[in-house]
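What follows is a set of notes on a single structure, which appears directly below.
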Amino acid sequence: MRLLPEPVENLIHELSKLPSIGPRTAERLTFFLLKADPAEAAGLGQALLDLHSGLTRCEVCRNLATNPRCDICSDGSRDQNLLAVVEEPLDVVALERTGHFRGLYHVLGGAISPIDGIGPEQLEVKSLLKRLDSGSIKELILATNPSTEGEATALFIRRQLGPAKIKVTRLARGLPIGGDLEYADQITLGRALEGRQAF
């Protein structure tokens, strides 16, 4: 005997597949939608349907886009000599929110992770190297995450470049604003000391 009607069970099942959503949270979300205005549920459903059908990858930087070229690559006012390499599209959003970067991006689509079966061939490394061959990029910022996978990916890309004439930089490591030294881990504190600046 079913405890809940099939459509309700189906939605709970599908929502529970999402990251950080367990069965209990999926149940709460489902019953929230049941109590909400049907138009809101319809809007959510339509947004989910449009998620894949309306999106593509930018032919230049591989970021998410609705046209062959994303808005950033189409913006001629951005610094065409500066390129930041990131792992995921959300990294582009994070850097754009700082308001301090006016260059271009290249989205790898992940990071090297042998344990997950992800090697350089699964990432947008070839397209990056091809892009650098054009000669227009003067500085490459390796903005991969400060994780084991991100460091391995940055190191791999750096080795692929060899003695190239491009300036290669890495995002600085340091302490978070509002943080306490006593709670910082040894690696972060060590990197912060190495990257200290004149004051």
Is there a continuous path of hydrophobic side-chain contacts, each under 4.5 Å between heavy atoms, that joins [X] to [Y]?
X      : Y     : value
Leu33  : Leu48 : yes
Ile21  : Leu44 : yes
Val60  : Val92 : no
Leu129 : Leu82 : yes

Pick one: which of [options] meets side chain to side chain contact (heavy atoms under 4.5 Å, CB included) with [X]?
X     : options                        : value
Val86 : Leu95, Asn63, Thr144           : Leu95
Leu83 : Leu104, Ile141, Leu142, Ile166 : Leu104
Thr30 : Asn10, Leu4, Thr25, Val8       : Val8

Is the backbone N or O of Ala39 less than 3.5 Å from a side-chain atom of Asp37, with the two atoms forming a donor-acceptor pair by type? yes
Test item: Thr188 side-chain N/O and Ala184 main-chain N/O as donor-acceptor pair under 3.5 Å: no
Distance from [X] atom [atom1] to [Y] atom [atom2], nearest 0.5 Å?
X      : Y      : atom1 : atom2 : result
Leu64  : Arg57  : CG    : CZ    : 4.5 Å
Lys138 : Asp79  : NZ    : CG    : 11.0 Å
Tyr105 : Cys70  : OH    : SG    : 10.0 Å
Leu11  : Glu6   : CG    : CD    : 12.5 Å
Leu161 : Phe156 : CG    : CZ    : 10.0 Å
His106 : Glu87  : NE2   : CD    : 13.0 Å

Inter- and intrachain pairs under salt bridge (charged side-chain N to carboxylate O under 4.0 Å, His left out), touching residues 90-103, at least two apart: Asp75-Arg102, Arg78-Glu96
What pairs of residues pass the salt bridge (charged side-chain N to carboxylate O under 4.0 Å, His left out) test when at least one of them lies in residues 23-34, not counting sequence neighbours? Arg24-Glu27
Test side-chain contact (heavy atoms from CB on, under 4.5 Å) applied to Arg173 - qualifying residues, sequence neighbours left out: Pro146, Glu151, Arg170, Arg191
side-chain contact (heavy atoms from CB on, under 4.5 Å) filter on Gln46, not counting sequence neighbours, yields Leu49, Asp50
How about [X] and [Y]: do any of their side-chain heavy atoms sit closer than 4.5 Å?
X      : Y      : value
Pro68  : Glu59  : yes
Thr169 : Glu139 : yes
Val85  : Val107 : no

How would you list all residue pairs meeting ring-ring contact (aromatic ring centres under 6.0 Å, His included) that involve residues 5-40, not counting sequence neighbours? none
Would Thr56 and Thr66 satisfy side-chain contact (heavy atoms from CB on, under 4.5 Å), going step by step from the backbone distance to the final call? CA-CA 6 Å; Thr56 185; Thr66 53; over 6 Å; no
Distance-minimising heavy-atom pair for [X] and [Y]:
X      : Y     : answer
Arg131 : Cys73 : NH2-SG, 4.4 Å
Glu40  : Ala36 : OE1-CB, 4.0 Å
Pro23  : Ile12 : O-CG2, 4.3 Å

If you count heavy atoms of other groups shown closer than 6.0 angstrom to CG of Leu51, is the number above 12? yes
Verdict with supporting geometry, Asp71 and Ser74, side chain to side chain donor-acceptor pair (under 3.5 Å): CA-CA 5 Å; Asp71 291 344; Ser74 301; 5.6 Å; no
Would you tabulate the side-chain donor-acceptor contacts of residues 111-125 under 3.5 Å, counting partners in other chains and residues two or more places apart, or write 'none'?
{"from": "Ser113", "atom 1": "OG", "to": "Asp116", "atom 2": "OD2", "distance (Å)": "2.9"}
{"from": "Gln122", "atom 1": "OE1", "to": "Gly119", "atom 2": "N", "distance (Å)": "2.7"}
{"from": "Glu124", "atom 1": "OE1", "to": "Ser127", "atom 2": "OG", "distance (Å)": "2.8"}
{"from": "Glu124", "atom 1": "OE2", "to": "Arg62", "atom 2": "NE", "distance (Å)": "3.3"}

